[in-house]
There are 2 protein chains.
Amino acid sequence: MVLRTGNADHRTTTSGLLAGFVGERVPASHFKYRKGVEIFGEDDEAEYVYQIQSGAVRTYKMLPDGRRQINSFHLPDDMFGFENGPIHRFSAEAVIETTVCIIKRCSLVDEMAAREGGARDLIGLVTSNLQHAENHMLLLGRKTALERVVAFVHEMDERQHRPAVIRLPMNRRDIADYLGLTLETVSRALSTLRDDNILRFHDSTQRQVELLNRNRIAELNA
Amino acid sequence: MVLRTGNADHRTTTSGLLAGFVGERVPASHFKYRKGVEIFGEDDEAEYVYQIQSGAVRTYKMLPDGRRQINSFHLPDDMFGFENGPIHRFSAEAVIETTVCIIKRCSLVDEMAAREGGARDLIGLVTSNLQHAENHMLLLGRKTALERVVAFVHEMDERQHRPAVIRLPMNRRDIADYLGLTLETVSRALSTLRDDNILRFHDSTQRQVELLNRNRIAELNA
DNA sequence: CGTCGCGTTGACAAGGTTCAAATTTGGTGG
DNA sequence: CCACCAAATTTGAACCTTGTCAACGCGACG
């Protein structure tokens, strides 16, 4: 089975793809959102497509009683908010202070459709999201708490290109709502991994993680 | 990679969503798969796209130790197996005896791309899968066992156009692997719904379900 | 210097899983 | 036609992983 690291690989191509448009024929502007601010809500009109310049965004769905499921985290260069229909199917919020590049959805779609191979790129964009969702369903439906947390740090590691120290922009509750757990369970799993010398924290807020044993991580992630 | 032709009943006709294409310029044939037979495997070459004529198909991913997550069930007229890349990201099996219409992936994609608005249709196809996956992540990450089973019968009810009696082609284990539960938990939840007069079984194998109170179902499904 | 947000940890509860057994059904072969 | 067996489903009981509730520590910030 091929190891698919979320949609990180597609996302990088995506940024290049978008670079070919923005500023040439598709108007774009920049916006800044402060920590915790909503970018768009479920069922809002899908007017814009977003690309992150700095910061981090969570997209999520909620149940009426407040239970929340985060679909994905978006990091610099990632696009989000692309919809086929006229309505957003989920909400988006800034996890920390975030700068985004905003493109009008209709102009992007028109331009892409007109361009040679543009349709294929758009399908690739949606497909990479679908691929991530498929992997995440397997995680949510069938993995243990420890496996989920391992998968999470692995994903973050890959998406930050295996840095010396992973920086987590989100808090434990966000991680929990992404992994279908409680924040306490996430905390305990991370402590277990720390005690097993698989990772180490580099700051007092426990948001900077060094992976001490990527082999074990990859093993546990199988 | 293999197109299993062992029990094939080979013809060349057309129906359903693809009627606009198939038989005109895109060659198609029909195949029959017996209960439990694999249609394609994860990482197989994605040579064909499939549309169900009769029967039912499950698509799923597996972990090395055998844990399984079913992404979705496909019923008559549904398409499945469409990939952007050259490789299937999951496996597909016939839940019961199933007849499918098979189209070569490359010819379908070419034809769709050439056609006016065809690209949009393809994106819509992928998007509807993504939408289902997003809803399913919410279910897997945040819903209780009873809520999941309610959501399942609701989905089956809708997809069979609210029949007098829902016919479930899949067994309890399939339902469990779709909902991220065990087959025992699914059975217990269905028994609870039966005891609460929300549904009733119409046959000895408990595969035919009558919904006695669609309002309660819709409520619980919120 | 008090408060608040965030994270960790402990004790306990509970929802779901595991293991086991009984029942039913459908299929197969004698 | 009947005996036998495998597969599917239900149900019970024990167990365990995860959730819930609470306490505590720490740093940031007004």
Do you know which two heavy atoms are closest between B/Ile96 and B/Pro169, and how far apart they sit?
CG2-O, 3.5 Å
Length of the CG-P vector between B/Asp177 and C/dT17, whole Å:
11 Å
Spatial distance of atom CD (A/Glu134) from atom CG (B/Leu130) [nearest 0.5 Å]:
9.0 Å
Spacing between A/Phe201 atom CZ and D/dG27 atom P, to the nearest angstrom:
15 Å
Protein-nucleotide distance (A/Leu193, atom CG; C/dT9, atom P), rounded to Å
12 Å
For D/dT18, does OP1 or OP2 lie under 4.0 Å from any side-chain N or O of A/Arg188?
no
With a cut-off of 6.0 Å (strictly less than), are more than 12 heavy atoms of other residues, nucleotides or ligands near CZ of B/Arg173?
no
Starting at CG of B/Asp203 and ending at P of C/dG26, how long is that distance when rounded to a whole Å?
9 Å
Hey, is the side chain of A/Gln206 poking within less than 4.0 Å of OP1 or OP2 on C/dC6, counting only N and O atoms?
no
A/Tyr50/A/Phe82 aromatic ring centres below 6.0 Å:
no
Quick one: label B/Ser204 by what it contacts on the DNA or RNA (base, sugar-phosphate, nothing), any heavy atom closer than 4.0 Å.
sugar-phosphate
Base, sugar-phosphate, or nothing for B/Leu183, non-hydrogen atoms under 4.0 angstrom?
base
Touch check for B/Arg194, heavy atoms < 4.0 angstrom, all strands: base, sugar-phosphate only, or nothing?
sugar-phosphate
Here the distance between atom C1' of C/dC6 and atom CZ of A/Arg207, to the nearest Å, is 7 Å
Which residue, B/Lys35 or B/Asp195, contacts DNA chain D at a nucleotide closer to its 5' end, judged by nearest heavy atom?
B/Lys35
Give a yes/no answer on whether the side chain of B/Thr144 brings an N or O atom under 4.0 Å of OP1 or OP2 in C/dG15.
no
Aromatic plane relationship, B/His88 with B/Phe90 - under 30° parallel, 30 to 60° tilted, over 60° perpendicular:
tilted
Kindly say whether, by distance alone, the side chain of A/Glu184 makes a donor-acceptor pair under 3.5 Å with the base of D/dC21?
yes
Side-chain N,O (A/Thr185) to OP1/OP2 (D/dG19) below 4.0 Å:
yes
Roughly, in whole Å, what's the span from CG in B/Leu140 to P in C/dG16?
13 Å
Taking only the side-chain nitrogens and oxygens of A/Thr205, find out if one of them lies under 4.0 Å from OP1 or OP2 of D/dC26.
no
Whole-Å distance between D/dT17 P and A/Lys143 NZ?
19 Å
Separation of atom CZ in A/Arg173 from atom P in D/dT20, rounded to whole Å:
10 Å
